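To start, the structure itself, in C-alpha cells.
Computed from a predicted structure; not experimentally measured. As the structure lists them, so they are numbered: ligands from 1, and atoms in each ligand from 1.
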Amino acid sequence: MKVTVVGAGNVGATCADVLAYREIANEVVLVDIKEGFAEGKALDIWQKAPINLYDTRTVGVTNDYSKTAGSDVVVITSGLPRKPGMTRDDLISTNAGIVTSVTENIVKHSPDAIIIVVSNPLDVMTYAAHITSKLPRTRVMGMAGILDTARYRAFLAEALNVSPKDIQAVLMGGHGDTMVPLPRYTTVGGIPVTELIDKETLDAIVDRTKNGGGELVKLMGTSAWYAPGSAAAQMVEAIVRDQRRVFPVCVKLEGEYGIDGVYLGVPVILGKNGIERIIELDLNEDEKQLLETSRGHVKEVMDALDNINASKA
Ligand SMILES: NC(=O)c1ccc[n+]([C@@H]2O[C@H](COP(=O)([O-])OP(=O)(O)OC[C@H]3O[C@@H](n4cnc5c(N)ncnc54)[C@H](O)[C@@H]3O)[C@@H](O)[C@H]2O)c1
C-alpha cells in the first residue's frame with residue numbers, strides 16, 4: 001500500500017512517522033511546498049527505521065506529485081495552523097486555496113485514492129477537497145472526530161483514574177466549539193459513564209473537550225500535532241487494512257440526520273472503500289438541537305467559502 005501525506009509540518013510529519021513505524025503502508029510519500037523540507041523529514045523517519053525496526057519506505061518531495069502517483073490513500077495536512085487568538089474559521093481563505101490546488105494534483109496522479117483531509121477549518125476544507133476531486137463522498141472525508149473523542153476519553157481516564165483504553169465514546173458535529181458530545185453513548189469497560197461520574201465533573205470535561213484545541217494553542221503558540229497526526233494515521237490504517245472500524249468522521253450528509261449537503265462529523269464504518277456506511281443514531285431532542293446548531297455554523301462557513309470562490313470567478 002502506498003500512502004501520500006501532503007504537508008510535512010507538525011501534523012503531516014507525525015502522521016508519516018506513525019504510518020512508518022507501525023508499518024501501516026509499504027511506502028509513504030511526504031510532500032511539502034517548502035524546498036527540501038519533506039525530503040529532510042522523510043530521511044529522518046527512514047533513518048529511525050533501523051532503531052525502531054520497520055521497513056516502510058519513506059520518501060520526501062518538494063511539490064513533485066509525479067512521485068505520489070498510484071497512492072491508495074492521501075492525507076492532506078497542508079495549510080496554516082492556528083495562532084493564539086485565532087479561530088479555525090480564520091484560516092478559511094488561505095487554506096481553501098492550498099487544499100484546492102493540492103487536491104487537483106492528487107486526483108491527477110492518483111485518481112483512485114481515498115482522501116483524508118486534516119487542514120482547518122476541517123469540515124469546510126473537506127467540502128473544498130470533495131468538490132474539487134469530484135470523487136464519491138465515500139472517498140473524501142475529514143479527520144476531527146477521532147481527535148476530539150480522544151481528548152474527551154483522555155480527560156475522562158484522568159478523572160476516573162482508569163486506562164484510556166477502556167473508554168469508548170462518540171462525538172458528532174463540526175470540528176469546533178459546536179461539536180456535539182454524547183455522554184449517554186460513553187462507556188467505561190462497558191459501564192455507562194454516567195454511573196461512574198457526577199454530572200458536574202462530566203459537564204466540565206465536555207466543556208474542556210470543546211475547547212481542547214484552543215487549550216493547546218494557548219500553551220504552545222500553535223495547534224497540536226501528536227494526537228492529530230496519530231488520529232489521521234488510525235483512519236489510514238482502518239482503510240488499508242479494511243478493518244471496518246467505527247469512528248466519528250466528517251462526511252457530506254445527504255439526508256442522514258435530516259441534513260442535506262453539509263459536511264459534519266458522524267459515526268461511520270471505515271474500510272477498504274472508505275466510508276462503508278454512515279451510522280444513524282436515534283438522537284434525543286437536546287442532541288438534535290446541538291447538531292442543528294453545529295450544522296448551522298458549518299453551513300455559514302461553507303457559504304463564506306462559496307462567496308470567496310464566486311468573487312474569484
Ligand atoms: N483536523 C484536525 O483535527 C486538526 C488538528 C490539528 C491541526 N489541524 C490543521 O492541520 C493543518 C496543519 O497543521 P500543522 O500544525 O502541521 O501546520 P505546519 O505549519 O506545521 O505544517 C503545514 C505544512 O504545510 C505546508 N504547505 C503549505 N502550503 C502547501 C502546499 N500548497 N503544498 C504542500 N505543502 C504546503 C507548509 O510548508 C507546512 O510545512 C492546519 O491547517 C491545522 O489547523 C487540524
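Some N or O of Asn10 is nearer than 3.5 Å to an N or O of ligand 1, by distance alone.
The pair Glu215-Lys218 does not count as a salt bridge, with every side-chain nitrogen at least 4.0 angstrom from each carboxylate oxygen. For the pair Lys41 and Asp32, the salt-bridge criterion is not met [side-chain N within less than 4.0 Å of a carboxylate O].
With respect to atom 43 (O) of ligand 1, the closest heavy atom belonging to the protein is Asn120 ND2, 3.0 Å. In this structure, the protein non-hydrogen atom closest to atom 40 (C) of ligand 1 is Leu80 O, 3.1 Å. For atom 17 (O) of ligand 1, the closest heavy atom belonging to the protein is Pro81 CG, 3.5 Å. Ranking protein heavy atoms by distance to atom 11 (C) of ligand 1, first place goes to Thr77 O, 3.3 Å. Taking atom 25 (C) of ligand 1 as the reference point, the nearest protein heavy-atom neighbour is Asp32 OD2, 3.2 Å. Annotation: atom 44 (C) of ligand 1 to nearest protein heavy atom, Val118 O, 2.9 Å. Ile33 N, 3.5 Å is the protein heavy atom nearest to atom 33 (C) of ligand 1. The nearest heavy-atom contact from the protein to atom 14 (P) of ligand 1 is Val11 CG2, 3.8 Å.
Of the heavy atoms in Ala224, only backbone atoms (N, CA, C, O) come closer than 4.0 Å to ligand 1. Under 4.0 Å from ligand 1, the heavy atoms of His175 that appear belong solely to its side chain. In Ile98, the part holding a heavy atom less than 4.0 Å from any atom of ligand 1 is the side chain.
Side-chain contact of Asp198 with Thr201: a donor-acceptor pair under 3.5 Å is present, judged by distance alone. Remark: the Thr4 side chain and the Thr68 side chain contain no N/O donor-acceptor pair separated by less than 3.5 Å. Side-chain contact annotation: Thr62 with Glu39, donor-acceptor N/O pair under 3.5 Å present.
Considering OH of Tyr263 and CD1 of Ile131, their distance stands at 6.5 Å, rounded to 0.5 Å.
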For side-chain contact (heavy atoms from CB on, under 4.5 Å), just list the numbers for Gln234 and Leu270, CA-CA rounded to whole Å, side-chain angles, deciding distance to a tenth of an Å, and then say yes or no.
CA-CA 10 Å; Gln234 192 170 46; Leu270 215 50; over 6 Å; no
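Ligand-side atoms of ligand 1 in range of Leu147: 3 (O), 5 (C), range being under 4.0 angstrom from any heavy atom.
Heavy atoms of Phe37 approach ligand 1 to within less than 4.0 angstrom. The shell of residues lying under 4.0 angstrom from ligand 1, judged by heavy atoms, excludes Thr222.
A continuous path of hydrophobic side-chain contacts links Val31 to Val107 [ILVMFWY only; heavy atoms under 4.5 Å].
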